[in-house]
There are 2 protein chains.
Amino acid sequence: MADKQLHDRIDETIHQRTRLAIMVTLAGVGSLEFNGLKGQLGLSDGNLSTHAGALERAGFVKIIKRFRGRKPQTTLAITAKGRKALTNYINLLQGILSEAT
Amino acid sequence: MADKQLHDRIDETIHQRTRLAIMVTLAGVGSLEFNGLKGQLGLSDGNLSTHAGALERAGFVKIIKRFRGRKPQTTLAITAKGRKALTNYINLLQGILSEAT
DNA sequence: GCAAAGTACTTTGTAGTGCAAAGTATAATC
DNA sequence: GATTATACTTTGCACTACAAAGTACTTTGC
């Protein structure tokens, strides 16, 4: 009967602050290497690895594994689904925030 | 050397989705009874009680206990500090979100 | 008038999350 | 060829969010 509450509509995968930072960063540039993202956001290896996995499981980023020379290199790229989810999240938040001001 | 990262500047007390909903709701009306808030946001008693405590500990809301007739009645009221913290949070998020679009 | 049901919360127990430390695997350097 | 570095992943712990259970009454039958 009641509307779905605002806080129920917030996608927790994107709302988490570190993952939000990752998504916003990726939305700007499309894709970034593991270490580039790590440096830009000041994350530990393990932390980024875990959040990257969570975002991949949600289908919001694609994890591309290649070799640069002889070393492994992991790149995170935002997907169409991820971009859409971020846009939805942003629109929802904008709505909440503008109501609040 | 580096700037404080965006995700470090997000206040986790306010960022949590249920507490954000509480703060936004209170910002609109100033104060609400425990049960009013519970109904509007679709929360369980325990959940609201816990989050109210967290917001009080942060100084973002004041918990006022009175008797209406013979029954206890708890009211949550947003504080000046809470309003300021919400504004800061909103401004920060607006910044992040506008960069992302 | 006293037991049963209701009101208004708070506390407890559990499942899930976020994080850095430790681990794995390979490459480069000394 | 042993040590150090690179590029991550996995593990273990501390914390959080939540509903269920608990507390302290009050109101309503009977």
Side-chain angles (χ1 to χ4, degrees), chain A residues 4-26 31-58 60-77 89, chain B residues 2 4-26 31-58 60-77:
Chain A
K4 209 159 193 304
Q5 301 296 339
L6 283 178
H7 73 282
D8 290 334
R9 298 174 57 208
I10 293 176
D11 182 331
E12 279 294 283
T13 301
I14 284 196
H15 186 60
Q16 200 281 336
R17 62 179 180 168
T18 301
R19 288 193 293 266
L20 179 58
I22 292 171
M23 290 301 285
V24 168
T25 305
L26 287 180
S31 71
L32 261 181
E33 293 177 21
F34 187 95
N35 282 311
L37 211 43
K38 191 183 92 175
Q40 268 198 39
L41 300 177
L43 303 174
S44 67
D45 289 7
N47 198 2
L48 177 52
S49 180
T50 306
H51 287 304
L55 289 171
E56 186 185 37
R57 251 172 280 124
F60 294 164
V61 305
K62 194 167 187 323
I63 298 185
I64 302 150
K65 295 195 165 285
R66 283 184 298 217
F67 282 86
R68 184 191 34 182
R70 335 214 63 230
K71 294 186 190 171
Q73 186 197 24
T74 299
T75 301
L76 302 202
Y89 172 82
Chain B
K4 209 158 191 309
Q5 301 298 337
L6 283 178
H7 73 281
D8 290 333
R9 298 175 56 207
I10 293 177
D11 183 331
E12 279 294 284
T13 301
I14 285 196
H15 186 61
Q16 200 283 333
R17 62 180 180 167
T18 301
R19 287 192 295 266
L20 179 58
I22 293 171
M23 290 301 287
V24 168
T25 305
L26 287 180
S31 71
L32 261 181
E33 294 176 22
F34 188 96
N35 282 309
L37 211 44
K38 191 183 91 175
Q40 269 198 38
L41 299 178
L43 303 174
S44 67
D45 289 6
N47 198 2
L48 176 52
S49 180
T50 306
H51 286 304
L55 289 170
E56 187 185 37
R57 251 172 280 123
F60 295 164
V61 306
K62 195 168 186 327
I63 297 185
I64 302 150
K65 296 196 165 281
R66 282 184 299 216
F67 282 86
R68 184 191 33 182
R70 335 214 64 228
K71 292 186 190 170
Q73 187 197 25
T74 300
T75 302
L76 301 203

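Every chain is numbered from 1, with letters handed out A, B, ... down the list of sequences.
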task: Using a cut-off of strictly less than 4.0 Å, decide whether A/Asn35 has a side-chain nitrogen or oxygen near OP1 or OP2 of D/dT6.
output: no
statement: Separation between CZ (B/Arg19) and OG1 (B/Thr50), nearest 0.5 Å, reads 10.0 Å
Start and end of the DNA chain C segment that chain B contacts, any atom under 4.0 Å from a heavy atom: C/dT7 to C/dT11
query: Could you write out DNA chain D as a dot-bracket string, with dots for unpaired bases, | for bases paired across to another strand, and Watson-Crick or G-U pairs counted at under 3.5 Å?
result: ||||||||||||||||||||||||||||||
message: Taking the side chain as everything from C-beta on, heavy atoms only, tell me whether B/Ile63 gets closer than 4.5 Å to B/Leu76.
response: yes
- prompt: Say you draw a straight line from CG of B/Asp11 to CZ of A/Arg17; how long is it, rounded to the nearest 0.5 Å?
  reply: 9.5 Å
- request: Give B/Lys38 one of three labels, base, sugar-phosphate or nothing, depending on what nucleic acid heavy atoms sit under 4.0 Å from its own.
  value: nothing
field: Contact list for residues 36-48 of chain B, test salt bridge (Lys or Arg N to Asp or Glu O under 4.0 Å), sequence neighbours left out
entry: B/Lys38-B/Asp45
message: In this structure, how many angstroms lie between the P atom of D/dC8 and the CZ atom of A/Phe34, rounded?
response: 6 Å
query: Does some side-chain heavy atom of B/Thr25 sit less than 4.5 Å from a side-chain heavy atom of B/Leu37?
result: yes
- prompt: salt bridge (Lys or Arg N to Asp or Glu O under 4.0 Å): which pairs involve residues 60-70 of chain A, sequence neighbours left out?
  reply: none
message: Tell me whether the rings of A/His15 and B/His15 are parallel (<30°), tilted (30 to 60°) or perpendicular (>60°).
response: parallel
- prompt: What does nucleotides 11-19 of chain D look like as a protein-contact string, B for base, S for sugar-phosphate only, - for none, at under 4.0 angstrom between heavy atoms?
  reply: ------SSB
- prompt: Going from CZ on A/Phe60 to OG1 on A/Thr13, what distance comes out if it is rounded to the nearest 0.5 angstrom?
  reply: 5.5 Å
query: Is the closest side-chain heavy-atom distance between B/Met23 and B/Val61 below 4.5 Å?
result: yes
query: Under the side chain to side chain contact (heavy atoms under 4.5 Å, CB included) test, which residues partner A/Asn47, sequence neighbours left out?
result: A/Leu43, A/Ser44, A/His51
